[in-house]
Amino acid sequence: MARATPFKAILTRAGLPAVAIIFMGFFAYSAVLGPNGVLTYGDYKRQLAVKQGELAKLEKERSELRNRVALLNQKGADPDMVDELTRKKLNVVHPDEVIVPLN
């Protein structure tokens, strides 16, 4: 029976631990430097703060729009709001009137 060379014996004994170390290294790299790693946590916190600011701005705009819709309720519409919208949409203004936009 042929005897294995020392290099081949070392290679067969060290093969499984080497593969295990390579896998552990890959997962350690992913845990620290990957797209969901520890170092990207600060960037996620910064993005969250920016998105919360945008959300607050959009919620304020939504509440303003909700208020304008409530003023145009069919049962009791605000006459000033109706007059403002009709003049704006139809471009109907008397020659002696001055339009002062609020927004």
Side-chain angles (χ1 to χ4, degrees):
M1 177 188 234
R3 192 164 181 207
T5 61
F7 179 71
K8 188 174 180 182
I10 291 173
L11 189 63
T12 56
R13 280 189 303 192
L16 185 61
V19 170
I21 289 173
I22 290 171
F23 276 123
M24 289 188 322
F26 171 74
F27 287 120
Y29 170 80
S30 294
V32 175
L33 300 172
N36 293 326
V38 175
L39 297 180
T40 58
Y41 180 70
D43 189 41
Y44 283 148
K45 286 180 74 174
R46 183 191 57 77
Q47 288 177 1
L48 177 64
V50 168
K51 295 297 182 184
Q52 284 176 340
E54 290 177 11
L55 177 64
K57 179 183 164 189
L58 289 173
E59 284 178 347
K60 180 182 176 197
E61 184 179 335
R62 181 180 181 196
S63 67
E64 290 173 0
L65 288 173
R66 189 173 282 164
N67 183 31
R68 288 181 66 91
V69 168
L71 290 174
L72 291 174
N73 188 0
Q74 289 181 352
K75 294 181 181 176
D78 184 31
D80 291 334
M81 178 66 95
V82 172
D83 185 49
E84 174 190 343
L85 286 176
T86 28
R87 287 175 184 262
K88 183 190 259 184
K89 294 290 182 187
L90 299 175
N91 200 16
V92 178
V93 181
H94 294 288
D96 60 343
E97 289 182 338
V98 176
I99 298 175
V100 179
L102 298 176
N103 293 338

Visitor: Can you list, by chain and residue number, the hydrophobic cluster partners of Ile10 when the side-chain cut-off is 4.5 Å?
Guide: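 Joined to Ile10, directly or through intermediates: none.
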
Visitor: Which residue pairs pass the salt bridge (charged side-chain N to carboxylate O under 4.0 Å, His left out) test when at least one of the two sits in residues 19-30, sequence neighbours left out?
Guide: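 Applying salt bridge (charged side-chain N to carboxylate O under 4.0 Å, His left out) to every pair that reaches into residues 19-30, excluding sequence neighbours, yields nothing.
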
Visitor: May I have all residue pairs that pass salt bridge (charged side-chain N to carboxylate O under 4.0 Å, His left out) and include part of residues 17-42, sequence neighbours excluded?
Guide: none

Visitor: Report the residues that fulfil salt bridge (Lys or Arg N to Asp or Glu O under 4.0 Å) with Asp43, sequence neighbours left out, ordered by chain and then residue number.
Guide: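 Testing Asp43 for salt bridge (Lys or Arg N to Asp or Glu O under 4.0 Å), a comparison that skips the adjacent residues, returns Arg46.
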
Visitor: Enumerate the side-chain hydrogen bond (donor to acceptor under 3.5 Å, both in side chains) contacts for residues 13-41, please, sequence neighbours excluded, ordered by first and then second residue.
Guide: Asn36-Tyr44

Visitor: Linking directly or through intermediates, with side-chain heavy atoms under 4.5 Å: list the remaining ILVMFWY members grouped with Leu65, chain and number order.
Guide: none

Visitor: Supply the atom-to-atom distance Leu90 CG to Leu85 CG, rounded to the nearest 0.5 angstrom.
Guide: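 Reported to 0.5 Å precision, the distance equals 10.0 Å.
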
Visitor: To which residues is Met24 joined in a hydrophobic cluster, defined by side-chain heavy-atom contacts under 4.5 Å among Ile, Leu, Val, Met, Phe, Trp and Tyr, whether direct or through other members?
Guide: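 Besides Met24, the cluster holds Ile21.
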
Visitor: Can you list everything that forms a side-chain contact (heavy atoms from CB on, under 4.5 Å) with Val82? Sequence neighbours excluded, please.
Guide: Leu72, Ala77

Visitor: Filter on side-chain hydrogen bond (donor to acceptor under 3.5 Å, both in side chains), then keep only pairs touching residues 51-66, sequence neighbours left out; what's left?
Guide: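 Applying side-chain hydrogen bond (donor to acceptor under 3.5 Å, both in side chains) to every pair that reaches into residues 51-66, excluding sequence neighbours, yields nothing.
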
